[in-house]
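Throughout, protein chains are lettered first and strands after them, A, B, ... in sequence-line order, and every chain is numbered starting at 1. Note that the structure is predicted; figures quoted are calculated from it, not measured.
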Number of protein chains: 2
Amino acid sequence: MRTLYHPPVEEITVEGILHAFSDPVRLEIYINLAVAECAKNCSAFATIQKRTLPKSTLSQHFRVLREAGLIRSERKGVELINSTRCAELKERFGAMILAIIEAYAKQQQAV
Amino acid sequence: MRTLYHPPVEEITVEGILHAFSDPVRLEIYINLAVAECAKNCSAFATIQKRTLPKSTLSQHFRVLREAGLIRSERKGVELINSTRCAELKERFGAMILAIIEAYAKQQQAV
DNA sequence: TCATTAGTTCCGAATTTTAGAACCATGAAA
DNA sequence: TTTCATGGTTCTAAAATTCGGAACTAATGA
C-alpha cells in the first residue's frame with residue numbers, strides 16, 4: 001500500500017472541494033466526520049443512507065475526499081482513522097465549508 | 001421545445017446544488033451570472049475558461065443549473081435570458097451560496 | 001415565404017463510477 | 001515463527017454519465 005497522499009493546503013481548490021461534495025454519500029461521510037467528536041475508520045460508514053456499500057466503493061470515496069484535501073487519514077494498526085481538515089481550511093475557504101454543513105443540517109432536520 | 005422546468009424552492013436540495021456546482025464550467029457560469037448586474041443569454045458563455053464549448057454542451061449545463069434550482073431562464077424572442085435565483089435561495093440555504101461565490105472569487109484573485 | 005439566429009434533442013463515443021475478486025498490511029493467537 | 005482475521009486497496013469489466021456533432025425547432029425579420 002502506497003502512502004496516502006494529502007495535498008498541501010495551497011493546492012486545495014474550490015472546484016476540487018465541490019467535486020468531492022457532489023456525491024451524496026461523500027457529503028454525508030464528510031459532514032458526519034465534521035460533527036463527530038472523534039475520528040472514525042472507513043468501515044464505520046459501511047452502511048450509509050439506508051444501503052450497504054461494498055468496501056471498494058467506500059475506499060474510493062475516502063480517496064476522493066482525501067485527495068480533495070477535505071479529510072486526513074492516518075493508519076492506526078490495521079485500520080485508517082479519518083478526520084476533517086476543517087480548521088486548516090478555514091483560513092483559505094472562509095465560511096464555505098461551515099455554511100455547507102449548516103445548510104445540510106438544516107435541510108435534514110426539516111425532513 | 002418543452003416549457004422550461006424550474007423547481008419550486010422547497011424542492012431544491014443541498015445535494016442538487018453541490019452536484020450542479022461540481023463542474024467547473026457550471027460553477028463559472030453561475031458565478032458570472034451572480035456577480036453580473038444584468039441577466040445574460042446562453043451563448044454569452046460560448047467561450048469559457050479558455051475554450052469554446054459546442055452549444056449542445058452549453059445547453060446541457062444550463063439545464064443542470066436550472067433544474068438544480070440555481071438559475072431562472074426566460075425566453076425572450078429567440079434567446080433565453082438567465083439570471084440567478086440567489087435571493088429566493090437565501091432563506092433556505094443561508095450563507096452557503098454566497099460563501100461559495102466568495103471562496104471562488106478569493107481563489108481566482110490569488111492566481 | 002425564406003433566411004437567420006439561439007437553443008434543444010438525438011444518439012454514438014468518450015469518460016467516469018461502481019463493485020466483485022484478488023490482493024496487501026497489520027496485529028494477535030497458536 | 002506460522003497462521004488467521006480484519007480493514008483497506010487495487011484491478012478490471014460493466015454500468016452510468018457526460019460530451020459533442022448533426023439534425024431539428026421556435027422566434028423573428030427581410
Inter- and intrachain pairs under ring pair (Phe, Tyr, Trp, His ring centres under 6.0 Å), touching residues 60-79 of chain A, at least two apart
A/F45-A/F62
Mind listing the residues from residues 53-74 of chain B sitting with a heavy atom below 4.0 Å of DNA chain D? Number order is fine.
B/P54, B/S56, B/T57, B/H61
[X]: side chain to side chain contact (heavy atoms under 4.5 Å, CB included) partners, not counting sequence neighbours:
X: B/K90; value: none
X: A/Q60; value: A/R63
X: B/S83; value: B/A39, B/R72

Check the pair B/L70 / B/R26 against side-chain contact (heavy atoms from CB on, under 4.5 Å), numbers first and verdict last.
CA-CA 11 Å; B/L70 285 165; B/R26 286 194 296 263; over 6 Å; no
Scan residues 37-51 of chain A for pairs that pass salt bridge (Lys or Arg N to Asp or Glu O under 4.0 Å), counting only residues two or more places apart or in two chains.
none
Distance check needed: [N] [atom2] versus [X] [atom1], whole Å only.
X: B/E79; N: D/dA27; atom1: CD; atom2: P; result: 14 Å
X: B/F45; N: C/dA6; atom1: CZ; atom2: P; result: 15 Å
X: A/K76; N: D/dG8; atom1: NZ; atom2: P; result: 14 Å
X: B/L80; N: C/dT9; atom1: CG; atom2: P; result: 11 Å
X: B/N41; N: D/dA27; atom1: CG; atom2: P; result: 17 Å

Can you list everything that forms a ring-ring contact (aromatic ring centres under 6.0 Å, His included) with A/F93? Sequence neighbours excluded, please.
none
Solution key, residues 9-16 of chain B side-chain donor-acceptor pairs under 3.5 Å, sequence neighbours excluded:
unit_1: B/E11; atom_1: OE1; unit_2: B/Y5; atom_2: OH; d: 2.9
unit_1: B/T13; atom_1: OG1; unit_2: B/G16; atom_2: N; d: 2.9
unit_1: B/E15; atom_1: OE1; unit_2: A/Q107; atom_2: NE2; d: 2.8

Interface residues of residues 18-33 of chain A with DNA chain C (non-hydrogen, below 4.0 angstrom):
A/H19, A/D23
Hey, which of these two, A/R51 or B/C42, hits DNA chain C nearer its 5' end, going by closest nucleotide?
B/C42
